[in-house]
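Below, chains carry the letters A, B, ... as their sequence lines are ordered, and counting in each starts from 1. As the structure is a prediction and not an experimental result, all values here were calculated from the model.
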Amino acid sequence: MKLDRTFYLNENVVQLAKTFIGKLLVTNFNGFITSGIITETEAYSNINDKACHANNHKKTNRNANMFLNGGHAYVYLCYGIHPLFNIVTNKENIPDAILIRAIKPYMGIEKMKERKNITNIEKKNIAEGPGNITKLLGITCNHNGIDLLKEQIWVEDIGFEYDKSKLSIGPRIGVDYAGEDALLPYRFKIENKEINL
DNA sequence: CGTACGATCTGCT
DNA sequence: GCAGATCGTACGA
């Protein structure tokens with residue numbers, strides 16, 4: 001079932017990032033449904049996290065949607081090419097967000113191949129990397145700020161469980177500029193082979 | 001206004 | 001392993 005608002009209002013974004021592992025991320029654009037089990041997440045926590053776009057109370061046009069109530073999307077363009085998809089959490093005006101870095105494709109795999117422009121070649125790890133999953137799921141910067149309780153993008157708990165001892169925890173990727181905060185263990189990952197539906 | 005750069009990916013070496 | 005792609009945003013002049 002679709003996660004409700006209270007799930008997203010959790011005040012501990014790091015714990016919540018871990019909880020999103022194993023949940024199903026679904027998009028429904030123009031009647032095409034694609035979805036995947038979330039296999040990798042990163043937490044970005046509020047104003048004291050130097051890796052967070054809202055660190056030091058920074059609020060700009062780009063990151064304004066991080067300040068929305070929990071359960072909205074924060075999508076921004078990275079390196080001029082890749083839309084990155086984040087789930088906003090916590091109460092309004094508290095800029096916590098969870099970056100979705102990888103999924104295991106579940107529904108609409110043919111549509112994903114089409115979006116990725118793949119014909120025959122089955123590439124490994126096609127759904128790993130935050131820029132890849134937005135492409136597969138059809139998420140663009142136009143979806144910045146949309147409500148995850150509505151009908152375009154949402155997250156479901158399908159009752160799937162995995163072996164928690166196989167969850168790996170480590171520092172976030174690509175945030176070297178964040179000084180000591182680059183070392184925080186805010187990244188969570190489960191291998192695809194641990195996902196057996 | 002000008003400019004430097006990023007929560008990245010791909011393809012080629 | 002490394003460079004190139006590619007552009008909105010942030011920030012200083």
Heavy-atom protein contacts under 4.0 Å, nucleotides 2-7 of chain B, coded B base, S sugar-phosphate only, - none: ----BB
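When the side-chain nitrogen and oxygen atoms of A:Lys135 are compared with OP1 and OP2 of B:dT10, none of them lie within a distance under 4.0 Å. Of the side-chain N and O atoms in A:Asn132, one or more sit less than 4.0 angstrom from OP1 or OP2 of B:dT10.
Atom CZ of A:Phe7 has more than 12 neighbouring heavy atoms from other residues, nucleotides or ligands inside a 6.0 Å radius. Heavy atoms from other residues, nucleotides or ligands lying under 6.0 Å from CG of A:Asn12 number more than 12. Surrounding NZ of A:Lys150 are at most 12 heavy atoms belonging to other residues, nucleotides or ligands under 6.0 Å away. Within 6.0 Å of CG on A:Asn93 lie more than 12 heavy atoms contributed by other residues, nucleotides or ligands.
The distance from atom CG of A:Asp176 to atom C1' of B:dT8 is 14 Å, rounded to the nearest whole Å. Atom CD1 in A:Ile81 sits about 16 Å away from atom C1' in C:dT9, given to the nearest Å. Rounded to a whole Å, the CG atom of A:Asn144 is 14 Å from the P atom of C:dG8. For the pair A:Asn63 CG and C:dG8 P, the computed distance is 17 Å after rounding to whole Å.
With P as the reference atom, B:dC5 and C:dA3 are 16 Å apart, rounded to whole Å.
How far CZ of A:Arg115 is from CG of A:Leu136: 8.5 Å, rounded to the nearest 0.5 Å. The distance from the CG atom of A:Asp96 to the CG atom of A:Asn86 is 11.5 Å, given to the nearest 0.5 Å. The line from NZ of A:Lys23 to CG of A:Leu3 is 6.5 Å long, rounded to the nearest 0.5 Å.
In this structure, A:Tyr76 and A:His53 have perpendicular ring planes: the angle between them is above 60°, well past the 30° mark.
Out of C:dA5, B:dT8, B:dT10, the shortest distance to the side chain of A:His82 is found at B:dT8.
Partners of A:Asp181 according to the side chain to side chain donor-acceptor pair (under 3.5 Å) rule, which considers only residues two or more places apart in sequence or in another chain, do not exist here.
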Could you spell out the base pairing of DNA chain C in dot-bracket, with Watson-Crick or G-U pairs whose two distances are under 3.5 Å, [ ] crossing and | to another strand? |||||.||||||.
